[in-house]
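Here is the structure we will look at, set down as structure tokens.
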Amino acid sequence: MRLHLSACPPFSLWAVVESHGWVYLPPFAADAQTRTLTRVERLENGRVIELFISEAGDGVTVTAREPLNGPEREEVSRKVWWMLGLGEDLRPFYELARGEPALAHVEAQALGRLLRCPTFFEDLVKTILTTNTTWAGTVRMVSALTSRLGDPLPTDPSRNAFPTAAQIARAGEDALQAMGLGYRTSALAALARQVADGALDLESMKDNNRSSADIYHRLRQIKGVGEYAAAMALMLLGCYDYLPVDAWARKLVARQWHGDQPVGPRQVEAAFARWGRWKALAYWFWEWEEETSAV
DNA sequence: TTCCAGGGGTAGA
DNA sequence: TCTACCCATGGA
């Protein structure tokens with residue numbers, strides 16, 4: 001199976017892949033040599049396949065080893081389109097960024113899209129698993145969740161798709177606790193149960209008809225989702241008007257504008273207020289530049 | 001042993 | 001709404 005998807009320009013697959021840490025979490029993987037993003041994906045009919053995504057022409061080429069029928073191809077197109085934010089138009093952000101030397105490079109490098117998972121459920125689970133832990137801890141927890149609960153890839157059973165909400169709900173809290181999820185166990189179990197039985201429709205939050213304030217409010221009602229996690233999750237929905245203020249954000253603002261003196265959430269908010277509905281993106285790629293230039 | 005990690009929940013004001 | 005305090009895990 002092979003298909004081509006066009007992106008709203010400017011576009012760079014690798015800019016999306018390297019936009020944040022998701023590519024290092026299964027079932028994503030990347031080959032820097034061939035600049036290919038791969039993902040083990042469970043289709044809605046239960047079939048598990050591996051997708052290979054590479055940049056081509058005005059967008060990407062998606063391939064799989066197996067032939068896919070019409071509905072399966074449509075599902076893959078829809079999921080990849082969402083994962084890479086191919087339809088996202090960032091021109092208003094780029095216009096603002098041109099006036100800021102620290103972000104003058106974002107348009108030329110096509111920075112701005114964030115790699116996301118096919119379902120918002122998976123994005124939210126992974127976001128919760130980044131809270132109150134180290135990145136190594138996040139990798140450990142997501143890897144355990146995927147390898148123990150996700151459906152295996154038939155051609156390589158050592159690799160798995162991300163588990164569905166129903167699969168996580170069925171596993172139960174004891175199994176989740178045994179994966180070292182710590183205090184996040186009860187939050188994750190409750191979230192999976194609510195999504196699995198239809199009490200909570202996370203995927204409807206992808207529709208941008210609702211205001212981000214409304215989505216933020218709904219996210220904050222979910223156990224385990226605090227201010228940081230809600231803002232981060234909103235970014236993955238394409239809403240950038242809430243800042244994910246964490247230790248890194250405070251460090252950045254302290255270093256840039258406060259002579260390395262400790263700052264709180266208010267100073268972070270003030271530092272990026274002028275970016276309006278693009279503030280989280282401005283923060284993210286300001287931070288991104290700081291991080292990558294430091295390496 | 002102690003401290004901290006790209007926070008969250010709760011009580012109390 | 002804001003603050004203080006406590007909370008679980010694993011690694012340094």
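All figures in this text were calculated on a predicted structure; none of them were measured in a lab.
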### Summary
Quick note, salt bridge (Lys or Arg N to Asp or Glu O under 4.0 Å) partners involving residues 57-67 of chain A, not counting sequence neighbours, are A/Glu50-A/Arg65

Go through the side-chain N and O atoms of [X] and [Y] and say whether any donor and acceptor fall under 3.5 Å apart.
{"X": "A/Trp22", "Y": "A/Asp123", "result": "yes"}
{"X": "A/Asp151", "Y": "A/Gln167", "result": "yes"}
{"X": "A/Ser186", "Y": "A/Lys223", "result": "yes"}

### Query
In whole Å, what separates the P atom of B/dG6 from that of C/dT3?
24 Å

For [X], report the nucleic acid contact type (base, sugar-phosphate, nothing); a contact means any heavy atom under 4.0 Å.
{"X": "A/Lys223", "result": "sugar-phosphate"}
{"X": "A/Ala187", "result": "nothing"}
{"X": "A/Gly224", "result": "sugar-phosphate"}

### Task
Please round to the nearest 0.5 Å and tell me the distance separating atom CG of A/Leu149 and atom OG1 of A/Thr164.
9.0 Å

Using the 3.5 Å cut-off, write out each protein N or O paired with an N or O of nucleotides 3-6 of chain C and the distance between them.
none

### Task
Please list all pairs passing the ring pair (Phe, Tyr, Trp, His ring centres under 6.0 Å) test where one or both residues lie in residues 185-237 of chain A, with sequence neighbours left out.
A/Tyr216-A/Tyr242

## Note on the structure
For A/Val40, the other hydrophobic cluster members (4.5 Å side-chain criterion, sorted by chain and number) are A/Val48, A/Leu153

### Query
Under a 4.0 Å heavy-atom cut-off, which of residues 118-130 of chain A touch DNA chain B?
none

#### Entry: Within-4.5 Å side-chain heavy-atom neighbours: A/Thr38 and A/Arg159
yes

### Query
Within the distance-only criterion (no hydrogens, no angle test), does the side chain of A/Arg113 pair as donor or acceptor with the backbone N or O of A/Glu88 below 3.5 angstrom?
yes

## Note on the structure
Test ring pair (Phe, Tyr, Trp, His ring centres under 6.0 Å), reference A/Phe272, set A/Tyr283, A/Trp284, A/Phe285, output is A/Tyr283

### Summary
Within residues 172-184 of chain A, those residues having any heavy atom closer than 4.0 Å to DNA chain C are A/Gln177, A/Gly182, A/Tyr183

